[in-house]
Structure formats: structure tokens, C-alpha cells
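What you see is a predicted model, and the numbers here were worked out from it, not measured in a lab.
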Amino acid sequence: MTSEQAPAAVPRATAATPATRARYRRILRFAGWNLAVTWWYELFLPRIGLSGVAARTRSKRMRRFAQRFHGLAVELGGLMIKVGQFMSSRLDVLPPEITSELEGLQDEVPAVPFPAIRALAEAELGVPLESAFASVDETPVAAASLGQAHRALLTPETAAEAGMEAVVIKVQRPGIDAIVDVDLAALRRVGRWLSHVRLVSDRVDAPALVEEFAATSLQEIDYLHEAANSERFAEEFDGDDRVAVPVVVWERTTRRVLTLEDVTAIKITDAAALRAAGIDPADVAPLFAEVMFDQLFSSGFFHADPHPGNIFVTPRPGTGDRPWTLTFVDFGMMGEVPPGTRSGLRKALIAAASRDGRGLVEAIQDVGVLLPTADTGELERAMTHLFARFGGMGFAELREVDPREFREFAIEFGDVVRSLPFQLPENFLLIIRAMSLTSGVCSALDPSFNLWDSVEPYAGQLLRDERGNVVQDVAQQALELLGLAWRLPKRLDALVTRVEDGNLAVSTPRLEQRVARLDRTVRRLVAAVVFGGVVIAGAIVHTADQVLGVVLLVASVVPLAFTVFTGRRGS
């Protein structure tokens with residue numbers, strides 16, 4: 001039985017209890033119903049000339065969807081909270097009916113009663129909490145979808161070794177392993193549903209994206225992995241006064257309990273608290289964008305979950321022109337940008353800053369989002385037109401643009417974009433998530449924030465770095481050419497010797513492949529003609545000689561099979 005034929009994609013945990021089975025079915029019912037509603041309004045009604053109905057009801061439907069999902073996520077917790085957090089951060093793309101409704105999910109996760117937290121922590125640490133810590137605050141400082149945090153004080157002995165006393169203990173929610181299993185099973189089923197929707201499958205491999213999300217989620221519930229990520233992130237910004245990272249207390253850390261230095265400060269989007277501390281939120285936005293750019297385009301190791309609950313602004317009076325720093329926490333979801341992808345992203349950023357439509361399309365191809373076989377001429381024209389009209393505008397300015405202009409652009413170039421073979425390379429989902437969360441946080445800090453104001457100077461620095469790399473590349477290529485010139489006479493002499501001896505063989509793999517494909521096509525065509533002739537002959541003869549007619553009809557299976565299976569083998 002194949003995976004598609006399996007009766008259900010239920011994980012091992014789902015079969016264990018009625019509660020997990022009910023959770024699995026609940027998620028699928030919600031997804032199935034909303035997919036059906038979307039199909040009805042956005043695909044079916046426009047086809048029968050009722051697009052006006054879909055347009056008039058869209059705002060109300062979006063608000064109702066967000067409200068229902070909000071209730072589902074809060075009730076179920078787990079990975080559903082992660083999905084809602086991502087949606088609430090897309091202030092630049094999603095309408096306010098959705099983002100405003102889901103915004104509270106950043107802090108609205110209900111807390112686990114402390115006795116359950118105590119039991120899990122003591123089982124993990126192997127000692128009573130009173131022995132591990134001098135004191136523990138039973139009221140959580142934060143409750144997240146996968147765990148919750150409590151303030152505590154280290155014992156004098158441990159504090160002396162760690163160099164700190166105040167810490168935060170992060171403890172996993174009891175039973176979260178089973179919940180993650182169930183949620184991933186449901187998401188995998190939804191991903192398979194989407195793979196059968198051509199509108200989606202032509203542009204993205206939904207099951208592959210779910211698997212990437214699954215790998216990230218499973219890493220996120222391993223606190224040893226998070227602790228290692230935290231130390232690596234701290235090393236990346238060592239000596240950088242823009243960024244602070246909490247210190248890990250390894251003596252009190254296990255797979256499901258993580259003890260960190262208490263760095264709680266002002267939540268990055270708490271504008272009132274920032275102003276009260278003498279910090280202008282409009283000054284925080286560009287620095288935050290710059291720090292995230294550094295992670296994505298320079299170091300390649302980035303925080304993939306920079307939502308407001310994971311970033312603090314820490315006042316540091318008397319430390320210079322900027323008496324505050326950005327403090328990052330929660331390193332369970334991190335991403336890495338491979339060197340090739342990072343180079344393509346740098347080119348894309350430079351092209352976008354310089355309004356270079358052609359350069360942007362080439363960079364998209366380098367990143368791997370657009371297949372090399374794509375005809376990009378019309379896309380280049382679309383990008384050039386887009387930059388000419390909307391380039392340099394911030395989100396606040398874009399909201400003031402007449403919607404008819406966007407519709408005209410979509411009508412003119414929508415078919416071009418939809419026809420192109422897009423794909424999402426490995427780990428690209430986390431890059432998109434990080435950039436969208438960054439955009440959302442900056443817009444929340446300053447509604448008039450213009451991302452171009454941060455992109456252009458940063459791209460200018462990248463361009464200067466690229467020019468330096470070009471000089472290095474030219475020098476390297478010069479050395480390679482000198483080496484080739486040194487070896488060339490000997491290689492030519494060997495080639496002449498092989499020609500004289502009659503031992504030279506020329507190989508053209510691409511030409512050979514095309515010839516082989518043409519040969520298979522001709523063979524299939526001949527077999528198809530033979531099949532048709534035998535079938536017609538059998539039908540005609542069958543009226544006069546049933547035995548011979550049946551023999552001919554049966555014999556037609558041979559050329560038919562040749563046609564079908566040769567086509568599959570050669571495709």
C-alpha cells in the first residue's frame with residue numbers, strides 16, 4: 001500500500017488517545033471547510049460571472065475566518081499558534097481584518113498550571129526545584145505555544161559558577177511531543193490536499209514545505225539544540241553593541257528544560273514603554289531591519305522567528321549615541337542560508353535598491369526561485385514597470401495608491417507571473433518568514449516606515465563589498481589563466497598524438513540525448529499507427545470472421561503497450 005493509499009496519515013500519538021484523534025479531526029475539518037469556502041467564492045463564482053459577489057463579501061469572510069482560527073489556535077495551542085503568529089505578522093501583505101484579529105496570539109497562549117511544570121522540570125533535572133534553584137516564581141513571565149518561562153534565582157554555588165543570579169527557566173509544555181506529532185500529521189494531510197489544487201501545485205510543493213516546517217518544529221522542541229543555537233548566535237554578534245544574547249546556564253539545562261540569563265526588558269513593539277524610557281520607536285525600526293539584513297545577507301545564520309515576543313529593547317544609559325540595544329531570545333527556530341543562495345539574495349537586494357528589473361530577475365534565478373528554463377523577457381518588463389511606478393514607496397504610501405492602479409498592473413502582468421515555473425528552494429520558507437516578520441515589526445514600530453530607507457544604504461555597502469570581491473575574483477582568474485597557459489602546449493601535443501593514432505573520441509551527451517529522444521518518438525509514432533491499423537482491421541474482419549477478428553484485436557495490445565511504456569520510460 002502506498003502512502004497515498006493509506007487510510008489516514010495519523011501519527012503514532014494520534015492512535016493513542018481519543019483526545020489526540022479528536023484534535024487531528026478538528027484541524028482537518030477546519031482546513032477542509034475553509035478551503036471549500038475559498039474555492040467557492042474565489043474560483044467558482046468568478047467562473048460563472050459572479051465575481052462581484054466574491055468581492056463584496058471578501059472583507060467579512062476574512063474577518064470571520066480570522067476569528068474562527070483565533071479561537072481554534074488558542075484552544076488547541078501547539079503548532080496552530082505558530083501558524084497564527086506568522087499570519088499576524090504579515091502587515092505588509094494580509095489585510096487588517098486578519099492581522100488585527102490574530103495579533104493577540106503573540107501573548108494570548110494560556111499558561112500551564114505550575115504543578116505540572118514543576119513535575120516535568122524535576123523529572124528532567126533529577127532533583128527537587130528547591131535544590132536546583134534558590135527560588136522560582138510560580139507565575140509565568142511568558143507562555144508560548146511549545147513551553148512557558150518562569151523567573152528564578154540560582155543557588156549561591158551555581159550563581160558563582162555562572163556569573164549571574166537572576167535567570168529564566170523555560171520548560172516545555174507537558175505532552176507537547178504528542179501534540180506536535182498530531183499537528184504535523186494534520187498539516188501533512190492538508191499539504192497533500194493542496195498538492196491536488198493546480199492553482200497551488202503549479203507554484204509550490206506544499207508537501208515539501210510542510211516537511212521543512214516539520215523539521216524546524218522538531219528541532220524547536222529540543223532545548224539542547226536551542227541552547228547551542230543561542231551560543232552560536234552570540235558568537236556571530238560578539239563585540240557588536242547593537243545586539244545582546246542571554247547566557248545559557250548549562251548546569252540547569254536539558255532537552256526539555258532551558259535555563260538562561262534573565263534579560264527581560266521592553267517588548268520591541270511596546271511603543272508607550274519605549275517612549276517612557278526615552279527611546280523613539282522610529283529609531284528602533286531601521287536598526288532592527290539592519291540587524292536582520294546582516295543575518296540574512298552576511299552571516300547566513302539567522303533568527304527565523306523574530307516576532308515581537310522574542311525581541312526586547314534593553315536601555316543602557318550612558319553607553320553613547322544609542323543608549324539601548326536589541327536583545328534576542330528564543331533560538332529554537334533558526335535558519336541557515338547556503339553560500340549560493342546568500343550570493344543570489346545579495347544580488348537581489350542590490351538590484352531592488354537600484355531599481356534594476358533585469359538584475360532582479362537574474363538574481364531570482366540565481367537563488368533558485370525561478371527555474372533556469374523560464375522565459376523571463378516579460379517578467380523583466382513587468383519588474384521594470386513596477387519599479388518605475390511603485391519603487392521607493394513605503395507601505396504607508398502604497399496604501400494611498402489608487403487600487404485601480406494595482407488592478408491594472410495585475411491585469412497586464414498577472415498572466416506572465418502565473419505562467420512562470422516558480423519553486424521554493426530548501427530552507428527558503430524560513431527566509432520568507434524572517435523577512436515578513438521583520439517587515440511587520442518595523443511597520444508596527446513606525447507606520448510610515450519605508451523599507452527602502454534601510455535597503456538602499458545597506459545595498460550600497462553590499463555593492464562596495466561585491467566590488468572588492470570582484471577584484472579578488474579577477475586576480476584568482478588571472479592565476480588560473482596563467483596555469484592554463486603553462487599547461488596548454490603539453491595538452492595540445494597530447495591531443496595531436498591521439499588524433500594521429502586514431503584514438504580520439506568525441507562525446508556530445510546533449511546531442512545524443514536528443515537523437516535518442518527523437519528515435520523513441522518515431523518508434524512510438526510507428527507503433528501507434530500499427531495499433532490503429534490492427535484495431536480497425538480487427539473490427540472490420542470481426543463481422544465476417546469472428547475468430548480472426550478477435551485475434552487481430554488481441555494482437556493490437558502489443559503495439560499499444562510499446563507506445564505507452566516507451567513514452568513513460570523516455571519521459
Side-chain angles (χ1 to χ4, degrees), residues 74 77-79 81-82 84-85 104-125 129-130 132-155 158-159 162 164-177 179-180 217 219-231 233-234 244-270 273 303-314 326-334:
V74 170
L79 296 184
I81 294 289
K82 292 291 182 185
Q85 288 175 346
L105 281 176
Q106 306 288 3
D107 303 299
E108 200 178 332
V109 182
V112 176
F114 186 74
I117 293 295
R118 171 190 286 275
L120 190 149
E122 291 180 343
E124 283 291 303
L125 297 174
L129 279 187
E130 290 76 8
F133 300 95
S135 65
V136 178
D137 186 352
E138 297 188 5
T139 303
V141 64
S145 55
L146 304 182
Q148 68 186 43
H150 293 258
R151 285 194 175 91
L153 295 177
L154 294 175
T155 60
T158 306
M164 72 190 78
E165 182 182 22
V167 295
V168 170
I169 312 169
K170 186 176 177 181
V171 184
Q172 277 188 12
R173 286 177 171 262
I176 193 63
D177 289 338
I179 290 174
V180 168
S217 301
Q219 288 180 349
E220 197 171 356
I221 60 175
D222 183 352
Y223 285 168
L224 292 175
H225 183 78
E226 179 179 343
N229 284 341
S230 175
E231 293 201 335
F233 190 85
V245 180
V247 177
V248 178
V249 183
W250 286 100
E251 295 84 354
R252 294 291 181 263
T253 295
T254 70
R255 180 182 172 274
R256 297 198 288 176
V257 174
L258 176 61
T259 304
L260 300 164
E261 175 189 9
D262 187 356
V263 293
T264 308
I266 304 171
K267 182 179 174 181
I268 190 169
T269 53
D270 189 345
H303 198 302
D305 195 22
H307 67 74
N310 287 338
I311 317 292
F312 296 111
V313 177
T314 304
L326 295 174
T327 302
F328 285 73
V329 298
D330 194 348
F331 300 92
M333 186 182 294
M334 303 294 292

Margin query: For the aromatic rings, using the six-membered ring if either is Trp, is the centroid distance between H225 and F331 under 6.0 Å?
Written below: no

Check: Can you name the nearest heavy-atom pair linking S145 to G78, along with the distance?
Finding: CB-O, 3.2 Å

Next item on the list: To the nearest 0.5 Å, tell me how far E251 CD sits from T155 OG1.
Entry: 9.5 Å

Note to self: Could you check whether any side-chain N or O of R252 sits under 3.5 Å from a backbone N or O of A132, counting only pairs where one atom can act as donor and the other as acceptor?
What the structure shows: yes

Notebook entry, point to check: Can you check whether V248 reaches L258 side chain to side chain, under 4.5 Å on heavy atoms?
Noted result: yes

Note to self: Please check this pair: side chain of H303 against backbone of D330, looking for a donor-acceptor N/O pair closer than 3.5 Å.
What the structure shows: yes

Note to self: I want to check something: taking the side chain as every heavy atom from C-beta on, are F133 and L154 in contact at a cut-off of under 4.5 Å?
What the structure shows: yes

Next item on the list: For T253 and T259, test the side chains for any donor-to-acceptor distance below 3.5 angstrom and give the result as yes or no.
Entry: no

Notebook entry, point to check: Do the charged groups of E130 and R118 touch, with an N to O distance under 4.0 Å?
Noted result: yes

Next item on the list: Could you tell me which non-hydrogen atom of L125 sits nearest to which non-hydrogen atom of L129, and how far apart they are?
Entry: CD1-CD2, 4.4 Å

Checklist line | Donor-acceptor contact present, side-chain N310 to main-chain D305, <3.5 Å | finding: yes

Next item on the list: Kindly indicate, with the supporting measurements, whether the criterion side chain to side chain contact (heavy atoms under 4.5 Å, CB included) is fulfilled by N229 and Q219.
Entry: CA-CA 11 Å; N229 284 341; Q219 288 180 349; 5.8 Å; no

Checklist line | L260 and V167, any side-chain heavy atoms less than 4.5 Å apart | finding: no

Note to self: Does V257 form a side chain to side chain contact (heavy atoms under 4.5 Å, CB included) with K170? I'd like the steps, not just the answer.
What the structure shows: CA-CA 6 Å; V257 174; K170 186 176 177 181; over 6 Å; no

Check: Does some side-chain heavy atom of E138 sit less than 4.5 Å from a side-chain heavy atom of I117?
Finding: no

Item checked: A304 to P306 - nearest heavy-atom pair and separation -> C-CD, 3.3 Å

Item checked: Donor-acceptor under 3.5 Å (E261 side chain, V247 main chain) -> yes

Margin query: For a quick test of reading the model, state the closest non-hydrogen atom pair linking A111 to P140 and the distance between them.
Written below: CB-CG, 3.8 Å

Check: Yes or no on side chain to side chain contact (heavy atoms under 4.5 Å, CB included) for Q172 and D177, after CA distance, side-chain angles and deciding distance?
Finding: CA-CA 9 Å; Q172 277 188 12; D177 289 338; 4.3 Å; yes

Notebook entry, point to check: For I169, which of D262, V136, V141 qualifies under side-chain contact (heavy atoms from CB on, under 4.5 Å)?
Noted result: V136

Checklist line | Min side-chain heavy-atom separation W250-E231 under 4.5 Å | finding: yes

Checklist line | Reported CD-to-CD1 distance for the pair E220 and I176, which is rounded to 0.5 angstrom | finding: 9.5 Å

Check: Roughly how far apart are T158 OG1 and M164 CE, rounded to 0.5 Å?
Finding: 11.0 Å

Notebook entry, point to check: Side chains of R256 and L120: does their closest heavy-atom pair fall under 4.5 Å?
Noted result: yes

Note to self: Donor-acceptor pair, distance only, cut-off 3.5 Å: does the side chain of R173 make one with the backbone of G77?
What the structure shows: no

Checklist line | Euclidean distance, T269 OG1 relative to H307 NE2, rounded to 0.5 Å | finding: 10.5 Å

Check: Between V329 and F312, is any pair of side-chain heavy atoms under 4.5 Å apart?
Finding: yes

Notebook entry, point to check: Do V180 and L146 come close enough that some side-chain heavy atom pair is under 4.5 Å?
Noted result: yes

